[in-house]
Number of protein chains: 2
Amino acid sequence: MARMSDIIEDFIKQLINETDGSIEIQRNELASYFKCVPSQINYVIDTRFTTERGYYVESRRGGGGYIKIQRVNVDRPGKYLMHIVSSMGDSISQQSAEVFINNFVDYDVISEREGLLMKAATSDKVLGGIGAPDRDIIRASILKNMLAALMV
Amino acid sequence: MARMSDIIEDFIKQLINETDGSIEIQRNELASYFKCVPSQINYVIDTRFTTERGYYVESRRGGGGYIKIQRVNVDRPGKYLMHIVSSMGDSISQQSAEVFINNFVDYDVISEREGLLMKAATSDKVLGGIGAPDRDIIRASILKNMLAALMV
DNA sequence: GATTTTGACTATCTTTGACTTTCATATATA
DNA sequence: TATATATGAAAGTCAAAGATAGTCAAAATC
């Protein structure tokens, strides 16, 4: 069965597309629309609408509260890439790597084929054999080196 | 009696044929359909649906998890790559990897940028930290997986 | 001896709900 | 009137429970 979280994610993304990059929702309203607990909305936002994925979220509690989600505009892809690389840290999970790579493709910093290459090189499928702490370190190293190679 | 693994392999291959080269299965579902333990599905995938044999596999755990199996394209350049992949062995030095990659670029199987990416991902600069026998094994694995990704 | 089968244990992702925090407004009090 | 307090209406947090898939090695089979 399809994941509820994915369905909610798609719904929100469509709303954002329809409204020029920024929406305001009520958590409880959305939750009751999807017949889920309100905290699942938080889960979706925390895992899918992160800074890494290019979103900016703010909210307010209390009466008349809301959650506002905005898609971040990237007008200088090269600069964006630089910033990402330097903020990336020395260790990175497969999931995060994938998110980064998808972003690069979305913003036309790399081609789709290049994205596939990067994902293939950083997947747990190939790095899984490496022990737990080292794996993510080597993954970060691979990713950074590939990006650096493109920036030359 | 025929081997269970072979039966499962044939079943999956038929599914792939019926669906244009790409399927998504649930491990537990398939296991209960064949009345085997779930890990046998992993065994079948690990031994039969490898990059050497021309498949690209990805998966996701947790609720709504899945295993996705794609058959790679074996048309023209793909066929050449496929041949390379299956002849490459399980271990490869940085030097050999570079020779392979340069060849791909020379024969226009990949672009120059893609070549740079591949070299970056398989260089000793990033893999040097891994101990001697494992390093070349992981390098081969990365290279094969990248090539397979391009053939999907 | 190599391959296959099995199962216990692990890792990862999602769903759920009880409890907490914050804010706006209404009401009480100095 | 101005300020303090109570009330209710949101959203946030966090951990437990549930749902998958992965790993690894022992046992079985060929």
**Student:** Please determine whether a side-chain nitrogen or oxygen atom of B:R48 lies at a distance below 4.0 Å from atom OP1 or OP2 of C:dT4.
**Tutor:**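 Looking at the OP1 and OP2 atoms of C:dT4, one of them is under 4.0 Å from a side-chain N or O of B:R48.
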**Student:** Would you mind reading off the distance between B:E24 atom CD and D:dA21 atom P, rounded to a whole angstrom?
**Tutor:** 10 Å
**Student:** Between B:I69 (CD1) and D:dA21 (P), how many Å, whole number?
**Tutor:**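 About 12 Å, once rounded to whole Å.
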**Student:** Rounding to an integer number of Å, can you tell me how far B:Y43 OH sits from D:dA28 C1'?
**Tutor:**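 Atom OH in B:Y43 sits about 13 Å away from atom C1' in D:dA28.
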**Student:** Take atom CD in A:E58; do more than 12 heavy atoms of anything else shown fall under 6.0 Å from it?
**Tutor:** yes
**Student:** Nearest nucleotide by nearest heavy atom, which residue falls closer to the 5' end of DNA chain C, A:K35 or B:V44?
**Tutor:**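 Closest to the 5' end, via its nearest nucleotide, is B:V44.
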**Student:** Measure the distance from CG on A:D136 to C1' on C:dT12 and round it to the nearest whole Å.
**Tutor:**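 Answer to the nearest Å: 13 Å.
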**Student:** Is it true that the side chains of A:N102 and A:K119 contain a donor and an acceptor less than 3.5 Å apart?
**Tutor:**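 A donor-acceptor contact under 3.5 Å links the two side chains.
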**Student:** Whole angstroms only, please: what is the CZ-C1' distance between B:F34 and C:dT4?
**Tutor:**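 The distance from CZ of B:F34 to C1' of C:dT4 comes to 16 Å, rounded to the nearest Å.
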**Student:** Where the side chain of B:R60 meets the backbone of B:G65, is there a donor-acceptor pair that is under 3.5 Å apart?
**Tutor:**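 No, B:R60 side chain to B:G65 backbone: no donor-acceptor pair under 3.5 Å.
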**Student:** Strictly by modelled atom types, are A:R27 and A:N42 linked by a side-chain donor-acceptor pair under 3.5 Å?
**Tutor:**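 Yes, side-chain donor-acceptor contact under 3.5 Å.
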**Student:** Answer yes if B:I41 and B:I69 sit in the same cluster of Ile, Leu, Val, Met, Phe, Trp and Tyr residues linked by side chain heavy atoms under 4.5 Å apart, and no otherwise.
**Tutor:** yes
**Student:** Which letter, B, S or -, goes with each nucleotide of nucleotides 5-13 of chain D from 5' to 3', with contact meaning a protein heavy atom under 4.0 Å?
**Tutor:** ----BBBBB
**Student:** Could you list the residues that satisfy side chain to side chain donor-acceptor pair (under 3.5 Å) with A:S96, not counting sequence neighbours?
**Tutor:** A:S93
**Student:** Closest nucleotide of DNA chain C for A:S5 versus for B:Q40: which of these residues is on the 5' side?
**Tutor:**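 The residue closer to the strand's 5' end, by nearest nucleotide, is B:Q40.
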**Student:** Rounding to an integer number of Å, can you tell me how far A:K125 NZ sits from D:dT23 C1'?
**Tutor:**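 Going from NZ in A:K125 over to C1' in D:dT23 covers 13 Å.
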**Student:** How many whole angstroms separate atom CD1 of B:I8 from atom P of C:dT4?
**Tutor:**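 Going from CD1 in B:I8 over to P in C:dT4 covers 12 Å.
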